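Just so it is clear, the model here is predicted, and its values are computed rather than measured. Note that ligands are numbered from 1 as they come in the structure, with each ligand's atoms numbered from 1 the same way. All values below come from the heavy atoms of this structure, side chains included, with hydrogens, waters and symmetry mates left out.
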Amino acid sequence: MSAKIIDGKKVAGITRDEVRQDVEDWLDAGNRPPFLQVLLVGNDPASNVYVGAKTRACKEVGIETDTHRLPDTVSAKELKKTIHRFNDDDSIDGILVQLPLPSHLSSHDVIEAIDHKKDVDGFHPMNVGRLTVGQPSFRSCTPAGIFELFKYYSIPTKGKHAVVVGASNIVGRPISIMLSKEDSEGKATTTICHKYTKDLTAHTISADILIVAAGQPNLVKGEMVKEGVVVVDVGINRVADETKEKGYTLVGDCHFESVQEKASWITPVPGGVGPMTVAMLMKNTLLAAKRSIYPE
Ligand code: GUN
């Protein structure tokens, strides 16, 4: 078998087109444009790239945005004071603090300072808790984007064995919650693997759907998966490559060549999950502007 490609770039483009149309309708109804406030602490090169992509997407769909930069020496008190100011500003619909933060800052503490009604990343414990118990909530953008891809390609999850490799708060844990829910989207039997999992292959080999979000290049190889598996590779790793102008190549957490020989569907890196994360952020920001999740 040679896998069909799950084209995240294409589906993200379609999703952004839908959001652009929805924003236009929202403006035609006499509303002001949605506004996303981004907070960027320090000068991490990857974070600069991600924030640049988010800002460009906002412009493309008609969402207004501003990036507030703070030095990497900023105190937790000062950062939270800034967040509280944004919370209280009615002209701001969504707030996003780009992660990771410098090590002297607790991301839990900072995320909890954001008004959960403006938490378009879906990281606040109120949104994660509400997702878990089936209440309306902002859904974390990468997991929500993966479900959008399943929907677009009519890939069923109901009754399947879904295996998630990686238990991060940004991807692994929320996608495992969404996959495992019997009353809504996932309806899958779900296994979560992490760095303490003793025999990773024993789990990955039985997966009908395999989500890999471990941040480890080429962790999953062809011999670790079964024929026909659907593979979603969330990893974006920079691997040194002198033949490239930038000096590195982007690779996922799966060894693409060997895994795609056995899979029925696979996401490429880049061009798979990454663009969907940004597209879902646009969707969440519009939902925030419309007060759809938390009506007033
Ligand atoms: N860092 C890596 N992914 C994300 C994301 O989805 N949101 C934020 N705020 N930071 C990130």
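- Note: H124 and H116 have tilted aromatic rings, judged against thresholds of 30 and 60 degrees for the angle between ring planes.
- At least one N/O-N/O distance between D121 and ligand 1 falls below 3.5 Å.
- Of the heavy atoms in M280, none comes closer than 4.0 Å to ligand 1.
- At least one heavy atom of L96 sits less than 4.0 Å from an atom of ligand 1.
- Atom 11 (C) of ligand 1 has Q98 NE2, 3.4 Å as its closest protein atom, hydrogens excluded (heavy atom only).
- Proximity to K54 (heavy-atom distance under 4.0 Å) selects the following atoms of ligand 1: 5 (C), 7 (N), 8 (C).
- Using a 4.5 Å heavy-atom cutoff, the side chains of N48 and L40 are in contact.
- Side-chain contact annotation: H161 with S206, donor-acceptor N/O pair under 3.5 Å present.
- At a 4.0 Å heavy-atom cut-off, ligand 1 does not touch Y50 at all.
- Counting heavy atoms under 4.0 Å from ligand 1, residue L281 does not touch it at all.
- With T65 contributing its side chain and L36 its backbone, the two residues share a donor-acceptor pair below 3.5 Å.
- A donor-acceptor pair is defined here as one N or O able to donate and one able to accept, closer than 3.5 Å; such a pair exists between the side chain of Y153 and the backbone of D7.
- Between L99 and ligand 1, at least one N/O pair is under 3.5 Å apart.
- Using a distance-only test at 3.5 Å, with no hydrogens or angles considered, no donor-acceptor pair links the side chain of D233 to the main chain of T267.
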